[in-house]
**Q** 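Let me give you the structure first, and then I'll get to my questions.
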Amino acid sequence: MSSTSSPNDWFALVDVNNFYVSCERLFRPDLNNVPVVVLSNNDGCVIARSQEAKNLNFSMGDIFHQVQDKIRETGTKVFSSNYPLYGSLSSRTVKVYQQFTNRVEVYSIDESFLLLRGSSDEIISLGRDIKNRVLRDVGLPVCVGIARTKTLAKIANRIAKKHAEHAGVFLLEENDQEQLKTIENEDIWGISRRLTPKLQELGIYNALELSLADPKRMRSKFSVVMERMIYELKGQSCLELEEVIPTKKGIMVSRGFGQGQEHYIRVQEAVAEYASRAAEKMRKQNLSVNRLTVFLRTSPHGKDQTYYSNSFSINFPEASYDTALIIKCAFYCLKKIFRSGLKYQKAGVFLDGLVDSGSTQQDFFFKPVPEKSQKLMSMLDELNKKHGRDTVHFASCGVERKHKMKQRLLSPRYTTCWDDRPVVF
DNA sequence: TCTGGGGTCCTAGGACCC
DNA sequence: TCTGGGGTCCTAGGACCC
């Protein structure tokens, strides 16, 4: 059950404070001490906030156009999200963690679990070293939470971040009842708003009370996930460090349209683009697809029309990685679910049943992937890699791209594009 | 002007088999 | 014709994560 069997083994959760905002500030020191927010992909809502913006009561998910007045009045700076920048800074932080331990799990773009070994005093000091080194070498502020299990390390990180007296590094002992009592249900990793009231019905209001619940009984009431969570809160590790990135089980590309789209041809262009992006992502991992789903929906918030949402899937007779075929199948699915007279707000393509391209199972009528198609796909990927995404694309993806996302407030790609690199005078 | 874009795991239930 | 237990596989949907 336990991957931290040694009493000297600890999980550390390191995460970057206000990650997207900190990335924007890195190249714009004038934004320090100024409220800053970063918007979602479509400039739809707020997804990251600086401390100053939090103090002004900007919330996650605030609708951009609804808070625009407040943004103006308070002098808050706004950015569209800039994933190439965040991705490149994220890998720099991971390189720093790897200087301290080779047991690193990259959990998300701004969080990593590290497995560290030592006495609690040594580990706290190591945590401080990590924090200082990331600040020095990458320029980003992090907090470090340390404990016996991943779930407790998450809580420790929260405490480190919330209480300034810990200076960003906190080690949580599993029997620290005083601290566990301060953590409400919905702030426990794995429990969100929907489970919270169900726990309250059982008289459980915080992490301490949950840690004292009977795991087996809770498993029958909820699921094995809840059982594991309780063991983790008790200090018995059930969730191991996942160092090897598992191969993807599905690849999704979906996006809201900048504006509602009524015309079939516009939606079709979007679907072609998503299908070809998905195929590209898939080839990068040397995978082939067996099943494809297209989904489509109108705005769930539209007042002038009823909500429509539908999807259609098809199975391939044999696994493929050919963009042309994948687009063709996506169009077939789209035709099945497209209803005219509606204003669509979002569509997506999902590739499923992924298998290694080297070992695809071939059926009785197996025809090897034509060499021509293989060559074409490699050339396509190579050109787009070398000269930038979309240098070459299928005509069906369209030229005007009316469905394109809004990204009006994008910062430069400081770290991934030569033309955008910062200039020092 | 009008609410992100990805993912994972688990469970229940149906279909089918012996 | 009916009954039953037990097993597997698949899919849809829920809940959660960032």
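Any value given below was found using the heavy atoms of this structure, including those in side chains, with hydrogens, waters and symmetry copies removed. Below, chain A is the first sequence line, B the second, and so on; all start at residue 1.
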**Q** Does Arg148(A) count as lying over the ring of Trp10(A), i.e. NZ or CZ under 6.0 Å from the six-ring centre, within 45 degrees of the axis?
**A**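 Yes - Arg148(A) lies over the ring of Trp10(A), closer than 6.0 Å to its centre and within 45° of its axis.
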**Q** Could you give the CG-to-P distance, from Asp62(A) to dT1(B), as a whole number of Å?
**A**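 After rounding, the gap between these two atoms is 21 Å.
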**Q** If only side-chain N and O atoms of Lys281(A) are considered, is one of them under 4.0 Å from the OP1 or OP2 phosphate oxygen of dG6(B)?
**A**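 Yes.
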**Q** If you look at every strand shown and take non-hydrogen atoms under 4.0 Å, does Gly250(A) touch a base, only sugar-phosphate, or nothing?
**A**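 Gly250(A): backbone/sugar contact only, no base atoms under 4.0 Å.
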**Q** Across the strands shown, which category fits Ile191(A) at heavy-atom distances under 4.0 angstrom: base, sugar-phosphate, nothing?
**A**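 Answer is sugar-phosphate: Ile191(A) comes under 4.0 Å of backbone atoms only.
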**Q** At under 4.0 Å between heavy atoms, what does Arg219(A) touch on the DNA or RNA strands: base, sugar-phosphate, or nothing?
**A**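 If one applies the 4.0 Å heavy-atom cut-off, Arg219(A) turns out to touch nothing in the nucleic acid.
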**Q** Who does dA15(C) pair with, Watson-Crick or G-U, both distances under 3.5 Å?
**A**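 Paired with dA15(C), as far as the under-3.5 Å criterion goes, is dT8(B).
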**Q** If you look at every strand shown and take non-hydrogen atoms under 4.0 Å, does Gln66(A) touch a base, only sugar-phosphate, or nothing?
**A**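 Result for Gln66(A) = nothing.
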**Q** Starting the side chain at C-beta, find the nucleotide from dG5(B), dA12(C), dC18(C) nearest to Arg255(A).
**A**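 When the side chain of Arg255(A) is considered, dG5(B) is the closest of dG5(B), dA12(C), dC18(C).
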**Q** Whole Å only: how far is the CG atom of Leu239(A) from the P atom of dC16(C)?
**A**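 Distance check: Leu239(A) CG to dC16(C) P gives 16 Å.
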**Q** Give one of base, sugar-phosphate or nothing for Gly61(A), where a contact means two heavy atoms less than 4.0 Å apart.
**A**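 Nothing, no nucleic acid heavy atom in range.
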**Q** Just how far, in rounded Å, is P of dG6(B) from OH of Tyr20(A)?
**A**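 Interatomic distance, OH of Tyr20(A) to P of dG6(B): 12 Å.
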**Q** Between Ser254(A) and dG5(B), is there a side-chain N or O to OP1/OP2 distance below 4.0 Å?
**A**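 Result: no.
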**Q** Can you tell me how far C1' of dC17(C) sits from OH of Tyr107(A), to the nearest Å?
**A**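 It is 4 Å, rounded to the nearest whole Å.
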**Q** Provide, to the nearest angstrom, the distance between the CZ atom belonging to Arg194(A) and the C1' atom belonging to dC17(C).
**A**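 It works out to 13 Å between those atoms.
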**Q** Could you tell me whether the phosphate oxygens of dG6(B), OP1 or OP2, come under 4.0 Å of any side-chain nitrogen or oxygen in Lys346(A)?
**A**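 It does not, given that no N or O in the side chain of Lys346(A) lies less than 4.0 Å from OP1 or OP2 of dG6(B).
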**Q** Under 4.0 angstrom, heavy atoms only, what part of the nucleic acid is Leu195(A) near: base, sugar-phosphate, or nothing?
**A**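 It contacts sugar-phosphate atoms only.
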**Q** What does Phe64(A) touch in the nucleic acid at a heavy-atom separation under 4.0 angstrom: a base, only the sugar-phosphate, or nothing?
**A**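 No contact at all - Phe64(A) keeps every heavy atom at 4.0 Å or more from the nucleic acid.
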